[in-house]
Amino acid sequence: MMRASGLSERARRKIRTDQRSLQKEIAQDANLIEDVKSDAFDKFRDSNNTIFNEGVRYVREAVIDGDNLETIGRHASKQAAKLIVTSNFSSQKLISKLRSKIMKNGNVDWRLLGDAVGPCFNTVPYVQFYKGPFDEPVKAKETKAKSVRTKRRDEESEEVRPEEITQQTKRTDGISGFEEVLKSVERSLSNRTDEQGKTDSKAEVPMANFFVNPQSFTQTIENVLALGFLVKKGTACVRNDENGLPVVFETRVGPNPSTKQSIVSLTMQDWRDLSSAFDIDESDVKNRKVKKQSKGGDGGRGGGGGGSSSRQDD
């Protein structure tokens with residue numbers, strides 16, 4: 001469209017000159033556009049439309065045309081605001097009108113005023129005071145006497161001193177069973193190391209085959225804990241072999257003074273994966289049978305005493 005207009009550079013330059021001249025006139029006579037009685041708005045609007053129809057086809061001229069149109073519209077909106085005339089009320093005028101209507105012989109005729117403004121209200125305005133209606137007597141606030149708190153004293157009671165425990169006896173109900181687990185793991189490591197040393201100069205045992213019990217996840221966790229105590233005690237050691245897999249072997253270096261420690265996360269899924277990956281059918285630490293106390297002291301369905309039964313931990 002711009003090329004089809006056929007405008008030369010000289011014609012475009014003339015259009016821009018006329019637009020800028022109109023822009024200056026609008027800025028100078030802005031007050032006339034806002035004046036309600038002036039026709040400056042129509043004059044500037046028609047002039048801007050005339051220049052536009054002469055051949056505003058390029059962006060450069062269209063930008064100036066838009067600026068002029070926006071300026072004319074801004075001042076025209078102020079002219080429209082002046083056309084809206086609102087009624088102004090004067091308090092002095094209101095008072096003088098009221099006095100002329102309701103004053104009789106120098107006094108206010110309240111009945112006349114009430115009849116005049118009564119239709120504006122449905123009823124008497126409801127007023128509620130903080131302490132209730134005026135016609136109700138004020139109730140005296142009763143104050144209750146404070147009861148004297150008495151300390152209870154039992155004269156016939158005797159003071160008893162709690163028993164001091166100087167030596168704790170070892171329980172035989174399975175609470176200290178971890179010591180048996182620790183001894184079992186230590187014994188299994190010693191036996192397995194002796195067997196490995198007969199066939200190999202390096203008496204090292206694969207760590208997974210040593211502590212993973214494929215029959216019990218609980219005993220697997222106990223074996224790991226016991227192995228950690230043996231490492232701290234200095235009777236066992238863990239390292240990685242040439243394949244990068246952990247191996248465990250017996251040692252006699254004594255307690256390890258190192259303050260470093262490792263945290264091992266072992267879930268039930270990890271336990272299954274280890275058993276499957278290393279094809280473990282039986283752990284080097286033998287599966288332990290756990291004794292379970294039968295419920296019921298003297299009585300039982302068979303009439304016997306409180307016996308015990310053994311089961312496989314699964």
Side-chain angles (χ1 to χ4, degrees), residues 168-256 261-297 300-302 304-314:
Q168 189 174 9
T169 58
K170 186 177 181 181
R171 300 177 63 174
T172 59
D173 54 359
I175 298 300
S176 59
F178 183 72
E179 295 181 1
E180 298 180 2
V181 176
L182 188 63
K183 292 180 181 179
S184 175
V185 173
E186 187 175 11
R187 184 168 54 252
S188 299
L189 178 61
S190 179
N191 297 337
R192 188 70 175 85
T193 303
D194 293 341
E195 294 176 2
Q196 189 73 13
K198 294 178 182 180
T199 58
D200 191 356
S201 58
K202 295 182 180 180
E204 299 174 346
V205 183
M207 186 175 175
N209 298 79
F210 177 74
F211 73 85
V212 175
N213 188 345
Q215 301 178 18
S216 173
F217 173 71
T218 303
Q219 292 193 19
T220 301
I221 298 299
E222 292 177 349
N223 295 342
V224 174
L225 183 61
L227 183 59
F229 274 96
L230 294 180
V231 172
K232 182 178 180 180
K233 184 180 177 181
T235 58
C237 187
V238 178
R239 71 174 189 86
N240 292 335
D241 60 4
E242 58 274 5
N243 298 323
L245 297 176
V247 293
V248 59
F249 55 92
E250 188 179 19
T251 182
R252 300 295 179 187
V253 297
N256 186 10
Q261 61 180 356
S262 300
I263 299 176
V264 180
S265 174
L266 184 63
T267 63
M268 189 169 288
Q269 185 61 42
D270 297 335
W271 165 66
R272 295 193 186 99
D273 295 342
L274 285 172
S275 302
S276 176
F278 289 92
D279 195 16
I280 302 173
D281 296 330
E282 185 179 1
S283 173
D284 291 337
V285 181
K286 302 300 181 181
N287 186 51
R288 296 178 291 277
K289 293 183 178 181
V290 180
K291 292 183 180 181
K292 182 180 179 181
Q293 297 291 336
S294 61
K295 296 182 179 179
R301 184 169 287 233
S308 62
S309 60
S310 62
R311 63 173 176 85
Q312 285 293 110
D313 184 18
D314 49 10

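The chain is numbered in sequence order, starting from 1.
With Ser275 contributing its side chain and Trp271 its backbone, the two residues share a donor-acceptor pair below 3.5 Å. At distances below 3.5 Å, not a single donor-acceptor pair connects side-chain atoms of Ser184 with backbone N or O atoms of Glu180. Between the side chain of Asn191 and the backbone N or O of Arg187 there is at least one donor-acceptor pair closer than 3.5 Å. In this structure, Thr235 contributes its side chain and Val231 its backbone to no donor-acceptor pair below 3.5 Å.
For the pair Lys233 and Glu186, the minimum side-chain heavy-atom distance is below 4.5 Å. Looking at heavy atoms from C-beta onward, Leu266 lies in side-chain contact with Leu274 at the 4.5 angstrom threshold.
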*Would you please test Asp284 and Ser188 for side chain to side chain contact (heavy atoms under 4.5 Å, CB included) and show each step?*
CA-CA 7 Å; Asp284 291 337; Ser188 299; 5.5 Å; no
_Does Asp270 form a side chain to side chain contact (heavy atoms under 4.5 Å, CB included) with Thr267? I'd like the steps, not just the answer._
CA-CA 5 Å; Asp270 297 335; Thr267 63; 3.0 Å; yes
_Show, in sequence, the C-alpha distance, side-chain angles and deciding distance for Leu245 and Asn240, and conclude whether the side chain to side chain contact (heavy atoms under 4.5 Å, CB included) test is met._
CA-CA 5 Å; Leu245 297 176; Asn240 292 335; over 6 Å; no
*For Val247 and Met207, run side chain to side chain contact (heavy atoms under 4.5 Å, CB included): C-alpha distance rounded to whole Å, both residues' side-chain angles, the deciding distance at 0.1 Å, then the answer.*
CA-CA 5 Å; Val247 293; Met207 186 175 175; 5.8 Å; no
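The side chain to side chain contact (heavy atoms under 4.5 Å, CB included) test with Ser283 is passed by exactly one of Asn209, Asn213, Val212: Asn213.
Residue Glu222 holds its CD atom at 13.5 Å from CG of Leu227, rounded to the nearest 0.5 Å. Between atom CD of residue Glu204 and atom CZ of residue Arg239 there is a gap of 4.0 Å, rounded to the nearest 0.5 Å. The CD1 atom of Ile221 sits 8.5 Å away from atom CE of Met268, with the distance rounded to the nearest 0.5 Å.
Here the shortest heavy-atom pairing between Phe210 and Val185 reads CZ-O, 3.6 Å. Nearest heavy atom pair, residue Asp281 against residue Pro214, reads O-CG, 3.4 Å. The two residues Gln219 and Asn287 come nearest to each other via the heavy atoms OE1-OD1, 3.1 Å. Residue Phe211 comes nearest to Asn223 through the heavy atom pair O-ND2, 3.1 Å, listed as atom of the first residue, atom of the second, then distance.
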